[in-house]
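First up is the structure itself, then whatever we jot down about it.
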Amino acid sequence: MEDSREDWNLLLWTGLAVLLPILITLWCSFQRPKRKVQLKDLFRKSKHGWHYTDLFNKPTYCCVCTQPILQGAFCECCGICADEFCVRKADHTLPCKEIMAPVQADGSFLHRWVRGNVPLASYCTVCKQQCGTQPKLCDYRCVWCQITVHDDCKAGLSGGEQCDLGEFRSVIIPPQYLYQVNKLRRRHPDEYCKLAAACGSVWSPLLVLANTRSGNNMGEVLLGEFRTLLNPVQVFDLSEIAPAKALQLCTLLPPGAVRVLVCGGDGTVGWVLDAIDTMKLKGQDQFIPRVTILPLGTGNDLSNSLGWGSGYAGEIPIEQVIRNVLEAEVVKMDRWKVQVASKGNYFRKPKVLSMNNYFSVGPDALMALNFHAHREKTPSFFSSRIINKAVYFLYGTKDCLVQECKDLDKRIELELDGERVALPSLEGIIVCNIGYWGGGCRLWEGMGDEPCPPTRLDDGLLEVVGVFGSFHCAQIQVKLANPVRLGQAHTVRLVLKSSRMPMQVDGEPWAQGPCTITITHKTQALMLYHSAEQTDDDDEDSSASEAEGHMANRTTKPIYTPEKSTQSL
């Protein structure tokens, strides 16, 4: 009897030992989503820019309880950190960066300190020794000028509590400026200029517009880094607000002083430039900003042409990006209107598109169309620049075998400034406005084996070339072949007489039936050109020629003649 009772006791304790951890784990798994939902609701209503993380990438301490934390939340604007149980208290007791604040009685602007979790390798402004070395919540950082100071050195800070906004004061919109603008009775550019005088003679505010869906999905990280350095009101997520609304901030700033940094691909840049054209239609020409690019897309040909590189992957810090923008020079870039009038639809208005980079019909448009169709089905798969280029390569290899665009010369007519051009046996035609095409290839100059008129961003001319197929495109990209140079023109007209053909404008593809396509000059945009030294002498010379001043218009006779082709396979 006693043995039986002992057996039951052993069985009971064994069951508890097995079931209790399981029950605790299940309870925690149910409570965790519940806490996350509560935190998400708090984040939505908070003035802080909270981001939840399961693991901090460096030793981090809670700004409320001062204890080490592994998982919790941090504010991307002011940098305060809190564990899960202290987030609500931190949200109520610790203020964030103020985007708008009144001026002090003496006209000064004070530091806004956050204690602890200072950036790695930061140094004290007073004693010049490294900060944040102790294993606890210690030392201070100003969220505006980004200086750091030890707890013991804070009292000896030169200048007291006055903040000068630090290295990037010339691009930051001070909170007191927006406060004074909000108090103005008369909203007029002259009033903005008077207020701007207090911000310095070289004040040139920078607006950041980031597309979080471009390229390697770096947009989220960049938004946080720019909000840390600048006023959060200057930084916009284009997945939440359209460029047209974001650019309305330009109308509250001094005319001609604003720069816009577009973080995204060529499509995002075109989206922003279209919004700037809308400002012109509203009579806001004096507030038009200068546009620069941080390339996050797959091709980034426009960025390449303006000297900003073929893609950004965090290789240089954001501080250096801002310095490069400040040193950039203003250039003008032609923008073009593409009218597509479908054959037979006489009562329907022609489709009108804006072009910054290039228009093409043929194999490269087919690859873009196939890529676009598959990305729409599974967008999460196309989150890497390397994967995107690999998919392009696969579609190009497929077209080499199928040749869906052959005999293009029999189906299309080309006119340059009203003059008909006889075409060889082509599969594709590309009309370029900029020097780069296909993710970094200099299409018009090619390998430089034959002299040709240079490409420019502001000459009002388009360069027209032909390709013999997908394999020819691949040869051009690795500098083993040249395209067929067909000519330069102010106006390009293409007539698709039969069948459907893939077409694209700046990477936006579609399948088009018989139609007439007319490309004419639309306007010019003010862009910022980065004149950094190139490793390739040819690229340096070509890029420099694009960024020169105005150039007289040239006569535009077709370059290609059937008797003498610039390309032979």
Side-chain angles (χ1 to χ4, degrees), residues 77-78 97-113 125 141-149 157-184 186-209 225-236 246-262 284 286-292 294 317-331 526-531:
C77 299
C78 65
K97 246 182 179 179
E98 291 183 311
I99 63 174
M100 185 165 47
V103 185
Q104 296 292 319
D106 58 356
S108 63
F109 182 67
L110 303 181
H111 288 295
R112 165 71 178 85
W113 299 109
T125 304
R141 176 182 65 90
C142 175
V143 299
W144 289 107
C145 63
Q146 308 303 322
I147 67 168
T148 54
V149 61
L157 190 65
S158 61
E161 289 296 313
Q162 293 188 9
C163 178
D164 63 356
L165 298 179
E167 178 186 359
F168 303 115
R169 66 182 69 87
S170 62
V171 298
I172 296 175
I173 301 178
Q176 63 268 27
Y177 175 86
L178 293 177
Y179 181 84
Q180 291 171 324
V181 167
N182 193 45
K183 293 293 185 181
L184 285 177
R186 187 173 72 105
R187 298 287 181 89
H188 192 274
D190 292 340
E191 299 295 329
Y192 302 148
C193 293
K194 292 177 183 177
L195 295 179
C199 301
S201 58
V202 294
W203 188 49
S204 179
L206 176 68
L207 305 188
V208 179
L209 280 63
E225 293 185 2
F226 278 113
R227 283 171 179 151
T228 298
L229 293 175
L230 308 176
N231 191 328
V233 78
Q234 299 173 240
V235 185
F236 300 91
L247 291 174
Q248 288 305 303
L249 181 58
C250 296
T251 62
L252 300 178
L253 297 167
V258 182
R259 301 171 187 236
V260 170
L261 176 62
V262 182
Q284 299 172 344
Q286 58 183 330
F287 296 108
I288 296 301
R290 281 67 174 152
V291 179
T292 185
L294 187 63
I318 291 300
E319 291 85 354
Q320 186 58 46
V321 171
I322 298 177
R323 295 185 193 108
N324 291 342
V325 172
L326 289 173
E327 295 170 359
E329 55 186 286
V330 180
V331 297
L526 297 176
M527 310 296 291
L528 291 176
Y529 177 80
H530 180 46
S531 55

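- In this structure, the salt bridge (charged side-chain N to carboxylate O under 4.0 Å, His left out) partners of R186, at least two apart in sequence or on a different chain, are E191.
- The shortest heavy-atom contact between R141 and T228 is NH1-CG2, 4.2 Å.
- Contact annotation: the side chain of R187 approaches that of V181 to within less than 4.5 Å [non-hydrogen atoms, C-beta and beyond].
- Screening residues 192-204 for side-chain hydrogen bond (donor to acceptor under 3.5 Å, both in side chains), with sequence neighbours left out, gives S204-R259.
- Scanning both residues, Q180 and L195, for their nearest heavy atoms gives OE1-CD2, 3.7 Å.
- Within the 4.5 Å cutoff, side-chain heavy atoms of V330 are placed close to those of L528.
- A 6.0 Å sphere centred on CD of Q234 holds more than 12 heavy atoms belonging to other residues, nucleotides or ligands.
- Here the side chains of L247 and Q284 are not in contact, with every heavy-atom distance at 4.5 Å or above.
- In this structure, CG on L229 lies 11.5 Å from SG on C145, to the nearest 0.5 angstrom.
- Side-chain atoms of H188 come within 3.5 Å of backbone N or O of D190 as a donor-acceptor pair.
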Kindly list each side-chain donor-acceptor pair under 3.5 angstrom involving residues 166-178, sequence neighbours excluded, with atom names and distances?
residue : atom : partner : partner atom : Å
E167    : OE1  : R323    : NH2          : 3.2
E167    : OE2  : R323    : NE           : 2.5
E167    : OE2  : R323    : NH2          : 3.3
R169    : NE   : D164    : O            : 3.0
R169    : NE   : G166    : O            : 3.2
R169    : NH2  : D164    : OD2          : 3.0
R169    : NH2  : G166    : O            : 3.0
Y177    : OH   : L252    : O            : 2.9

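- Listed by chain and number, the residues in a side chain to side chain contact (heavy atoms under 4.5 Å, CB included) with P189 are P255, Q286, F287 (sequence neighbours excluded).
- Counting all heavy atoms, side chain and backbone alike, I99 lies closest to V233 at CG2-N, 4.0 Å.
- The nearest pair of heavy atoms linking W144 to C163 is CB-SG, 4.0 Å.
- Every salt bridge (charged side-chain N to carboxylate O under 4.0 Å, His left out) that E161 has, sequence neighbours left out, goes to K154.
- The distance from the OH atom of Y179 to the CG atom of L184 is 12.0 Å, given to the nearest 0.5 Å.
- Residues passing the salt bridge (charged side-chain N to carboxylate O under 4.0 Å, His left out) test with R227 are E76, sequence neighbours excluded.
- Closest approach of K97 to V143, counting heavy atoms only: CE-O, 2.8 Å.
- Once rounded to the nearest 0.5 Å, the distance linking CD of Q162 with NE2 of H111 reads 8.5 Å.
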